[in-house]
Engineer: 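Here it is, the structure, as structure tokens.
Values in this document were obtained by computation on a predicted structure and should not be read as measured data. All values below come from the heavy atoms of this structure, side chains included, with hydrogens, waters and symmetry mates left out.
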Amino acid sequence: MLNFKPMDICVFCKEKPTTSSSIEHIVPESLGNKTHVLPKGTVCDRCNSYFALKVEKKALETDFFRSLRHRNRIESKKGKIPRGEAIIPKTNYKAELSIPKKLEEPIRVRLDAKSYELFAKGEIDYLILPWRSKLPIGDQSVSRLLAKIGYEMMVFSLLEKEDLLIELVKDYQLDPLREYVRINSRNQIWDYNIRQIYKENERFYTYDGDQFDMVFESTFLTTDESELYFVIAFKGFEFVINIGGHSTDGFRRWLRKYNDISPLYIDGKNFGMQLTPEFLRNQ
């Protein structure tokens, strides 16, 4: 059981909360997170509600995350798989595409009248599925989500170390990061790096050879230049943001020095949860 003493202040706004009755999901539930949470008494309800509506919701509604969740059947908080779209030949109608939870159930496509008529006549016999979306480069909502998750992962790692947690919350050097997530009064966009480091359907293995699916994994990287970066991969897409500033130039220099290895796998096999991805298994 977690030995955590509720704090007198919110870890984000640093104010004494009127209420802090909800747990805070570090990674949104709609991105496959059920276990990485901050307990009640960590984030005030006001900040919690703001993040849900103004940070997480906006990022999850981007084409990239909606498509990623759709094609990988990642359920929302309410247990629903996001809908996708199919382009109908000849009419170019963008039809709504619903993927069922069970693989044996049929995929449903909502057509307009003209497209339905052409299908019924046999004049159309296939769909065009835009299965991949463009990488979300320079998207403010994604950047703020990464900053939120990164900071909360730092808090998460110190939940049972009260003195260190208080130092983290009071550290003025993290105020720009907290302000960027909470308010972003200057309408900034913090840079982040994104790339694909393994395929979406990559299998992960335990020591005993059991297979698992990996929705997300994360770590922190301190570079030789003493910069701290937060690294998280969603279904093989690696996102990296600088905890202490706007630029990721230092991370790109680090990549060149270490032959583009992901910080997630700088230690080789069995990183993190003692799981090894397929691409490392035979190395």
Side-chain angles (χ1 to χ4, degrees), residues 2 11-12 23-39 42-43 51 55-56 59-60 62 64-65 68-69 72 74 135-136 139 141-161 164-165 168 174 177-178 180-181 190-200 202-206 212-223 227-245 248 250-252 254-255 258 260-277 279-280:
L2 182 66
V11 299
F12 274 96
I23 62 173
E24 164 72 4
H25 284 80
I26 299 174
V27 174
E29 289 181 87
S30 296
L31 281 174
N33 176 35
K34 304 296 182 185
T35 58
H36 287 66
V37 299
L38 296 180
T42 312
V43 179
F51 298 150
V55 179
E56 297 175 357
L60 292 174
T62 60
F64 174 82
F65 278 114
L68 184 75
R69 293 169 56 219
N72 287 287
I74 300 175
L135 296 181
D139 188 293
S141 63
V142 172
S143 175
R144 293 180 74 197
L145 175 65
L146 296 174
K148 181 197 94 75
I149 296 174
Y151 178 66
E152 289 183 348
M153 282 293 189
M154 296 173 73
V155 172
F156 183 77
S157 69
L158 298 177
L159 286 178
E160 295 187 283
K161 301 174 182 178
L164 293 178
L165 179 55
L168 178 78
L174 292 172
L177 182 74
R178 284 184 283 254
Y180 180 56
V181 178
W190 284 31
D191 186 27
Y192 57 90
N193 196 74
I194 179 174
R195 59 178 181 155
Q196 187 170 11
I197 56 174
Y198 52 78
K199 58 184 184 294
E200 290 182 39
E202 188 84 6
R203 302 306 302 171
F204 284 72
Y205 297 85
T206 65
F212 287 88
D213 181 44
M214 181 72 77
V215 178
F216 73 89
E217 51 182 330
S218 68
T219 190
F220 286 94
L221 168 71
T222 302
T223 67
E227 288 185 318
L228 179 62
Y229 290 90
F230 174 62
V231 184
I232 188 166
F234 298 105
K235 298 300 292 182
F237 291 93
E238 177 198 78
F239 293 80
V240 181
I241 193 168
N242 190 341
I243 292 296
T248 56
F251 175 68
R252 295 184 180 95
W254 184 91
L255 283 179
Y258 291 94
D260 289 332
I261 186 70
S262 171
L264 290 163
Y265 297 104
I266 191 67
D267 296 325
K269 295 182 180 181
N270 300 316
F271 181 81
M273 298 162 46
Q274 296 185 338
L275 294 176
T276 302
F279 78 93
L280 279 180

Engineer: Partners of S262 by side chain to side chain donor-acceptor pair (under 3.5 Å), sequence neighbours excluded?
Structural biologist: E238
Engineer: For Y258, give me all partners under ring-ring contact (aromatic ring centres under 6.0 Å, His included), at least two apart in sequence or on another chain.
Structural biologist: W254
Engineer: Apply side chain to side chain donor-acceptor pair (under 3.5 Å) to D260 and list each qualifying residue two or more places apart in sequence or on a separate chain.
Structural biologist: none
Engineer: Return the orientation label for the F234 and F216 ring planes: parallel under 30°, perpendicular over 60°, tilted otherwise.
Structural biologist: tilted
Engineer: Quick one: list whatever passes salt bridge (charged side-chain N to carboxylate O under 4.0 Å, His left out) with R69, sequence neighbours left out.
Structural biologist: none
Engineer: List the residues meeting side chain to side chain contact (heavy atoms under 4.5 Å, CB included) with L228, not counting sequence neighbours, and say none if there are none.
Structural biologist: M154, F220, T222, I243
Engineer: Mind checking what makes side chain to side chain contact (heavy atoms under 4.5 Å, CB included) contact with A59, not counting sequence neighbours?
Structural biologist: S141, L145
Engineer: Which heavy atom in T206 sits nearest to a heavy atom in F212, and how many Å separate them?
Structural biologist: CG2-CE1, 3.3 Å
Engineer: Can you list the steps and then say if E227 with Y229 is a side-chain hydrogen bond (donor to acceptor under 3.5 Å, both in side chains)?
Structural biologist: CA-CA 7 Å; E227 288 185 318; Y229 290 90; 2.6 Å; yes
Engineer: Quick check: do L177 and W190 have side-chain heavy atoms less than 4.5 Å from each other?
Structural biologist: yes
Engineer: With sequence neighbours left out, write down each residue that passes ring-ring contact (aromatic ring centres under 6.0 Å, His included) with F64, or none if nothing qualifies.
Structural biologist: F237, F239
Engineer: Supply the atom-to-atom distance S218 OG to L146 CG, rounded to the nearest 0.5 angstrom.
Structural biologist: 11.0 Å
Engineer: Can you confirm whether or not the ring centre of Y151 sits under 6.0 Å from the ring centre of F230?
Structural biologist: no
Engineer: Is there a donor in the side chain of T248 and an acceptor in the side chain of N193, or the other way round, less than 3.5 Å apart?
Structural biologist: no
Engineer: Any side-chain heavy atom of L165 within less than 4.5 Å of one from K161?
Structural biologist: no
Engineer: Does the distance from a Lys or Arg side-chain N to an Asp or Glu carboxylate O, for D139 and R144, drop under 4.0 Å?
Structural biologist: no
Engineer: To check you understand the geometry: which heavy-atom pair defines the closest contact between V27 and M153, and what is its length?
Structural biologist: CG2-CE, 4.3 Å
Engineer: List for me each residue that meets side chain to side chain contact (heavy atoms under 4.5 Å, CB included) alongside N72, sequence neighbours excluded, and say none if there are none.
Structural biologist: L68, I74, E200, K235
Engineer: Taking the side chain as every heavy atom from C-beta outward, state whether L38 and V155 have any atom pair closer than 4.5 Å.
Structural biologist: yes
Engineer: Could you list the residues that satisfy side chain to side chain donor-acceptor pair (under 3.5 Å) with S30, not counting sequence neighbours?
Structural biologist: none
Engineer: Suppose we screen for side chain to side chain contact (heavy atoms under 4.5 Å, CB included). Which residues come up paired with E29, at least two apart in sequence or across chains?
Structural biologist: H25, K34, K77
Engineer: Looking at V181 and A147, what are the two nearest heavy atoms and their distance?
Structural biologist: CG2-CB, 3.6 Å
Engineer: Would a 4.5 Å heavy-atom cut-off, applied to side chains only, mark E24 and F12 as touching?
Structural biologist: no
Engineer: Apply side chain to side chain donor-acceptor pair (under 3.5 Å) to N33 and list each qualifying residue two or more places apart in sequence or on a separate chain.
Structural biologist: none
